[in-house]
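The structure presented is a predicted model; accordingly, all values stated were derived computationally and were not measured.
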Amino acid sequence: MSEPAAQRVPRRRAETRRRLLEAALPVFAEEGFGKSTVEQVCERAGYTRGAFYSNFASLDELFLAMWERRSAEMIAAVRAKFDGLGEVELPDVRSVVEFVLPAIPVEDAWFRVTAEFTAHALRNPSLRRVMTAREEAIAEALLPLVVQLLARAGRAVPDRAALAQALVAMHDGTSAQCLMDPDNPRVWERRFDLCERVVLAYTEELA
(Lines give C-alpha, C1' and ligand atoms only; values in the text may rest on other atoms or scores of the structure.)
Protein backbone atom coordinates (compact mmCIF):
# COMPACT_ATOMS: atom_id res chain seq x y z
CA MET A 1 0.00 0.00 0.00
CA SER A 2 1.39 3.41 -0.96
CA GLU A 3 2.05 6.03 1.67
CA PRO A 4 -0.79 8.57 2.05
CA ALA A 5 -0.07 11.99 0.53
CA ALA A 6 -0.67 13.64 3.90
CA GLN A 7 2.31 11.70 5.29
CA ARG A 8 4.55 12.10 2.24
CA VAL A 9 4.51 15.92 2.29
CA PRO A 10 5.84 16.36 5.87
CA ARG A 11 8.41 13.63 5.19
CA ARG A 12 9.66 15.39 2.05
CA ARG A 13 9.71 18.72 3.87
CA ALA A 14 11.78 17.26 6.70
CA GLU A 15 14.23 15.78 4.17
CA THR A 16 14.52 19.11 2.36
CA ARG A 17 15.19 20.89 5.63
CA ARG A 18 17.79 18.32 6.66
CA ARG A 19 19.69 18.64 3.38
CA LEU A 20 19.66 22.43 3.52
CA LEU A 21 21.01 22.35 7.06
CA GLU A 22 23.76 19.93 6.09
CA ALA A 23 24.69 22.03 3.04
CA ALA A 24 24.89 25.26 5.03
CA LEU A 25 28.00 24.56 7.12
CA PRO A 26 30.44 23.86 4.24
CA VAL A 27 29.09 26.84 2.30
CA PHE A 28 29.41 29.19 5.27
CA ALA A 29 32.85 27.83 6.13
CA GLU A 30 34.21 28.10 2.59
CA GLU A 31 32.66 31.41 1.58
CA GLY A 32 32.29 33.15 4.92
CA PHE A 33 28.88 33.76 6.43
CA GLY A 34 28.69 37.35 5.24
CA LYS A 35 29.51 36.40 1.65
CA SER A 36 27.35 33.29 1.40
CA THR A 37 24.11 33.39 -0.57
CA VAL A 38 20.87 31.47 -0.58
CA GLU A 39 21.73 30.31 -4.10
CA GLN A 40 25.00 28.75 -2.96
CA VAL A 41 23.29 26.81 -0.18
CA CYS A 42 20.56 25.65 -2.56
CA GLU A 43 23.10 24.55 -5.17
CA ARG A 44 25.03 22.53 -2.57
CA ALA A 45 21.82 20.92 -1.29
CA GLY A 46 20.34 20.35 -4.77
CA TYR A 47 17.26 22.51 -4.32
CA THR A 48 15.72 25.70 -5.65
CA ARG A 49 15.25 29.03 -3.90
CA GLY A 50 11.60 28.11 -3.50
CA ALA A 51 12.54 25.06 -1.44
CA PHE A 52 14.77 27.24 0.72
CA TYR A 53 12.16 29.88 1.43
CA SER A 54 9.53 27.27 2.21
CA ASN A 55 11.73 26.24 5.14
CA PHE A 56 13.69 29.35 6.18
CA ALA A 57 13.02 33.06 5.99
CA SER A 58 16.71 33.99 5.73
CA LEU A 59 20.28 32.78 6.11
CA ASP A 60 20.13 34.05 9.70
CA GLU A 61 17.25 31.70 10.42
CA LEU A 62 19.10 28.86 8.69
CA PHE A 63 22.17 29.40 10.85
CA LEU A 64 20.11 29.52 14.05
CA ALA A 65 18.39 26.26 13.09
CA MET A 66 21.77 24.70 12.36
CA TRP A 67 23.09 25.91 15.72
CA GLU A 68 20.05 24.53 17.54
CA ARG A 69 20.50 21.16 15.85
CA ARG A 70 24.21 20.93 16.68
CA SER A 71 23.58 22.06 20.25
CA ALA A 72 20.99 19.31 20.68
CA GLU A 73 23.49 16.76 19.38
CA MET A 74 26.16 17.99 21.81
CA ILE A 75 23.77 17.92 24.76
CA ALA A 76 22.69 14.39 23.80
CA ALA A 77 26.34 13.29 23.64
CA VAL A 78 27.06 14.66 27.12
CA ARG A 79 23.89 13.07 28.52
CA ALA A 80 24.82 9.74 26.94
CA LYS A 81 28.24 9.88 28.62
CA PHE A 82 26.58 10.78 31.90
CA ASP A 83 24.05 7.95 31.62
CA GLY A 84 26.85 5.50 30.88
CA LEU A 85 29.01 6.64 33.79
CA GLY A 86 27.81 3.97 36.19
CA GLU A 87 30.10 3.53 39.18
CA VAL A 88 33.16 5.12 37.59
CA GLU A 89 34.94 7.20 40.22
CA LEU A 90 35.43 10.92 39.77
CA PRO A 91 37.61 11.76 42.77
CA ASP A 92 38.52 15.33 41.83
CA VAL A 93 37.78 18.23 39.50
CA ARG A 94 40.39 17.11 36.98
CA SER A 95 38.64 13.77 36.53
CA VAL A 96 35.33 15.58 35.89
CA VAL A 97 37.00 17.84 33.31
CA GLU A 98 38.61 14.87 31.57
CA PHE A 99 35.24 13.13 31.51
CA VAL A 100 33.15 16.00 30.13
CA LEU A 101 35.42 18.16 27.98
CA PRO A 102 36.06 15.62 25.18
CA ALA A 103 32.30 15.59 24.50
CA ILE A 104 32.41 19.33 23.67
CA PRO A 105 33.63 19.47 20.06
CA VAL A 106 36.31 21.83 18.79
CA GLU A 107 35.85 22.00 15.01
CA ASP A 108 37.59 24.39 12.64
CA ALA A 109 34.69 24.96 10.24
CA TRP A 110 32.10 25.38 12.99
CA PHE A 111 34.31 27.77 14.96
CA ARG A 112 34.92 29.99 11.92
CA VAL A 113 31.22 30.16 11.08
CA THR A 114 30.07 30.84 14.64
CA ALA A 115 32.73 33.52 15.11
CA GLU A 116 31.52 35.29 11.97
CA PHE A 117 27.88 34.96 12.94
CA THR A 118 28.61 36.29 16.43
CA ALA A 119 30.18 39.40 14.90
CA HIS A 120 27.12 39.70 12.65
CA ALA A 121 24.76 39.35 15.63
CA LEU A 122 26.60 42.05 17.58
CA ARG A 123 25.37 44.51 14.95
CA ASN A 124 21.80 43.24 15.24
CA PRO A 125 20.08 43.62 18.65
CA SER A 126 17.33 41.09 17.91
CA LEU A 127 19.83 38.44 16.85
CA ARG A 128 21.95 39.21 19.89
CA ARG A 129 18.98 38.52 22.15
CA VAL A 130 18.24 35.26 20.35
CA MET A 131 21.84 34.06 20.67
CA THR A 132 21.95 34.99 24.35
CA ALA A 133 18.74 33.05 24.99
CA ARG A 134 20.07 30.02 23.08
CA GLU A 135 23.32 30.00 25.06
CA GLU A 136 21.37 30.22 28.31
CA ALA A 137 19.21 27.27 27.20
CA ILE A 138 22.31 25.18 26.49
CA ALA A 139 23.73 26.04 29.90
CA GLU A 140 20.44 25.14 31.59
CA ALA A 141 20.51 21.75 29.87
CA LEU A 142 24.13 20.92 30.70
CA LEU A 143 24.72 22.49 34.10
CA PRO A 144 22.57 20.06 36.13
CA LEU A 145 24.72 17.21 34.78
CA VAL A 146 27.94 19.09 35.53
CA VAL A 147 26.71 19.92 39.03
CA GLN A 148 25.97 16.25 39.70
CA LEU A 149 29.39 15.21 38.44
CA LEU A 150 31.11 17.84 40.57
CA ALA A 151 29.16 16.66 43.60
CA ARG A 152 30.69 13.22 43.09
CA ALA A 153 34.08 14.95 43.18
CA GLY A 154 33.15 16.73 46.42
CA ARG A 155 32.48 20.18 44.94
CA ALA A 156 29.44 22.47 45.18
CA VAL A 157 28.45 25.21 42.71
CA PRO A 158 27.25 28.33 44.57
CA ASP A 159 26.56 30.36 41.39
CA ARG A 160 25.60 28.26 38.39
CA ALA A 161 25.19 31.22 36.05
CA ALA A 162 28.68 32.48 36.84
CA LEU A 163 30.20 29.05 36.28
CA ALA A 164 28.36 28.69 32.96
CA GLN A 165 29.59 32.07 31.72
CA ALA A 166 33.16 31.31 32.75
CA LEU A 167 33.08 27.91 31.02
CA VAL A 168 31.75 29.43 27.79
CA ALA A 169 34.56 31.99 27.85
CA MET A 170 37.10 29.22 28.51
CA HIS A 171 35.74 27.09 25.68
CA ASP A 172 35.67 29.89 23.12
CA GLY A 173 39.13 31.18 23.97
CA THR A 174 40.90 27.84 24.12
CA SER A 175 39.12 26.62 20.99
CA ALA A 176 40.71 29.46 19.03
CA GLN A 177 44.13 28.65 20.47
CA CYS A 178 43.81 24.92 19.73
CA LEU A 179 42.67 25.53 16.16
CA MET A 180 45.55 27.93 15.55
CA ASP A 181 48.08 25.28 16.60
CA PRO A 182 46.19 21.99 16.24
CA ASP A 183 49.23 19.68 16.22
CA ASN A 184 50.68 21.01 19.46
CA PRO A 185 49.64 18.70 22.32
CA ARG A 186 50.61 21.27 24.94
CA VAL A 187 47.97 23.68 23.64
CA TRP A 188 45.28 21.04 24.05
CA GLU A 189 46.60 20.09 27.49
CA ARG A 190 46.42 23.75 28.56
CA ARG A 191 42.76 23.73 27.54
CA PHE A 192 42.15 21.03 30.16
CA ASP A 193 44.33 22.87 32.69
CA LEU A 194 42.41 26.13 32.27
CA CYS A 195 39.05 24.37 32.47
CA GLU A 196 40.13 22.74 35.73
CA ARG A 197 41.21 26.11 37.17
CA VAL A 198 37.96 27.75 36.11
CA VAL A 199 35.88 25.04 37.75
CA LEU A 200 37.93 25.24 40.95
CA ALA A 201 37.54 29.03 41.01
CA TYR A 202 33.73 28.86 40.67
CA THR A 203 33.08 25.95 43.02
CA GLU A 204 33.74 25.15 46.65
CA GLU A 205 34.25 22.04 48.75
CA LEU A 206 31.08 20.36 49.95
CA ALA A 207 30.56 20.80 53.65
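Here the options are Trp67, Trp110, Phe28, the test is ring pair (Phe, Tyr, Trp, His ring centres under 6.0 Å), and the partner is Phe33; only Phe28 passes.
A salt bridge links Arg49 with Glu39: the closest approach of a Lys/Arg side-chain nitrogen to an acidic carboxylate oxygen falls below 4.0 angstrom. Between Glu107 and Arg70 there is a salt bridge, with a side-chain nitrogen of the basic residue lying less than 4.0 Å from a carboxylate oxygen of the acidic one. The residues Glu15 and Arg18 are annotated as salt-bridged, a charged nitrogen and a carboxylate oxygen being separated by less than 4.0 angstrom. The existence of a salt bridge linking Glu116 and Arg112 is excluded, since no basic side-chain nitrogen approaches an acidic carboxylate oxygen closer than 4.0 Å. Between Arg19 and Glu22, no side-chain nitrogen of the basic residue sits less than 4.0 Å from a carboxylate oxygen of the acidic one, so the salt-bridge criterion is not met.
Interatomic distance, CD of Gln165 versus CD of Glu135, reported as 9.5 Å (0.5 Å rounding). To the nearest 0.5 Å, the span separating CG on Leu20 from CG on Leu62 amounts to 7.0 Å. Taking CZ of Arg94 as the reference point, atom CD of Glu98 lies at 5.0 Å (rounded to 0.5 Å). Between the CZ atom of Arg191 and the OG1 atom of Thr174 there is a distance of 4.0 Å, given to the nearest 0.5 Å.
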Would you sort out whether Met74 and Leu142 count as a side-chain contact (heavy atoms from CB on, under 4.5 Å), showing the intermediate values? CA-CA 10 Å; Met74 179 192 68; Leu142 290 178; 3.8 Å; yes
What's the verdict on side-chain contact (heavy atoms from CB on, under 4.5 Å) for Val147 and Arg160, showing C-alpha distance, side-chain angles and the deciding distance? CA-CA 8 Å; Val147 169; Arg160 295 189 182 191; 3.7 Å; yes
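For the pair Ala121 and Arg128, the tightest heavy-atom approach, listed with the atom from each and the gap, is O-CB, 3.7 Å. The two residues Ala24 and Met66 come nearest to each other via the heavy atoms CB-SD, 3.9 Å. In this structure, Leu59 and Ser36 approach most closely via the heavy-atom pair CD1-O, 3.4 Å. Nearest approach of Thr114 to Phe111, heavy atoms of both residues: OG1-O, 3.0 Å.
Contact check for Val157 versus Tyr202: no side-chain heavy atoms found under the 4.5 Å cut-off. The shortest distance between side-chain heavy atoms of Asp60 and Val130 does not fall below 4.5 Å. Within the 4.5 Å cutoff, no side-chain heavy atoms of Arg155 are placed close to those of Asp92. By the 4.5 Å heavy-atom criterion applied to side chains, Arg186 and Glu189 are counted as neighbours. Contact annotation: the side chain of Cys42 never approaches that of Thr48 to less than 4.5 Å [non-hydrogen atoms, C-beta and beyond].
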